[in-house]
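Down below is the structure, laid out as structure tokens.
Note that the coordinates shown come from a computational prediction; the quantities given were computed from them, not determined experimentally.
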Amino acid sequence: MKDTTAKESKKKIDRTGKIFLPAVFKNSIGVSNGETVKLLLRGDEIVVKKDKKTCVFCGTDKNVSDVMGKGVCKNCIEEIKVER
């Protein structure tokens, strides 16, 4: 079950606009250093979400694999194989 307990931390924004996320925050949404996250602005809050890998061809987030650094879904891979 997902932990719904609110977590809070104060961080300073550095000169380049960076904010460092505590490990407990990264772990709770399942991201590691170097991964991409999605930032959403909701009123006066900034929400950090795990970025779902999507297919570069059709945009789905289902059955997406990394192909040469790009997300490609199983269906598009099959279509590419057929067209060759």
Look at K81 together with E78 and state whether they make a salt bridge at an N to O cut-off of under 4.0 Å.
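Salt bridge between K81 and E78, a charged N being under 4.0 Å from a carboxylate O: yes.
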
Residues K53, D61: salt bridge by 4.0 Å N-O rule
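A salt bridge is absent here (no side-chain N lies under 4.0 Å from a carboxylate O).
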
Heavy-atom side-chain proximity of [X] to [Y] below 4.5 angstrom:
X   : Y   : result
L40 : I46 : no
K26 : N33 : yes
I29 : V48 : yes
F57 : V72 : yes

Is the side chain of K50 donor-acceptor paired with the backbone N or O of G30 at a distance under 3.5 Å, no angle test?
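Side chain of K50 to backbone of G30: a pair is present.
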
Assess the residue pair V24 and K7 against the criterion (side chain to side chain contact (heavy atoms under 4.5 Å, CB included)); give the C-alpha distance rounded to whole Å, side-chain angles, the decisive distance to 0.1 Å, and a yes or no.
CA-CA 9 Å; V24 67; K7 294 175 177 58; 3.9 Å; yes

Do M68 and V64 sit in one hydrophobic cluster, given that two such residues count as connected whenever their side-chain heavy atoms are within less than 4.5 Å of each other, even indirectly?
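Hydrophobic grouping puts M68 apart from V64.
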
Got a second to check how far E79's CD is from C58's SG, nearest 0.5 Å?
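So the gap between those two atoms works out to 8.0 Å.
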
When rounded to the nearest 0.5 angstrom, what is the spacing between OG in S28 and CG in L21?
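Output value for this atom pair is 9.5 Å.
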
Carefully, step by step, assess I77 and V67 under the rule side chain to side chain contact (heavy atoms under 4.5 Å, CB included).
CA-CA 9 Å; I77 289 171; V67 178; 4.2 Å; yes

For T36 against D51, the heavy-atom pair lying closest together
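Looking at all heavy atoms of both residues, the closest pair is O-CB, 3.2 Å.
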
Does the pair K62 and N75 meet the rule for a side-chain hydrogen bond (donor to acceptor under 3.5 Å, both in side chains), with working shown?
CA-CA 9 Å; K62 308 274 189 280; N75 291 340; over 6 Å; no

I'd like to know whether CD1 of I13 has more than 12 heavy-atom contacts from other residues, nucleotides or ligands below 6.0 angstrom.
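No, not enclosed.
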
Residue pairs fulfilling side-chain hydrogen bond (donor to acceptor under 3.5 Å, both in side chains) with at least one residue in residues 8-21, sequence neighbours excluded
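Checked against side-chain hydrogen bond (donor to acceptor under 3.5 Å, both in side chains) - neighbours excluded - the pairs reaching residues 8-21 are D14-T16.
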
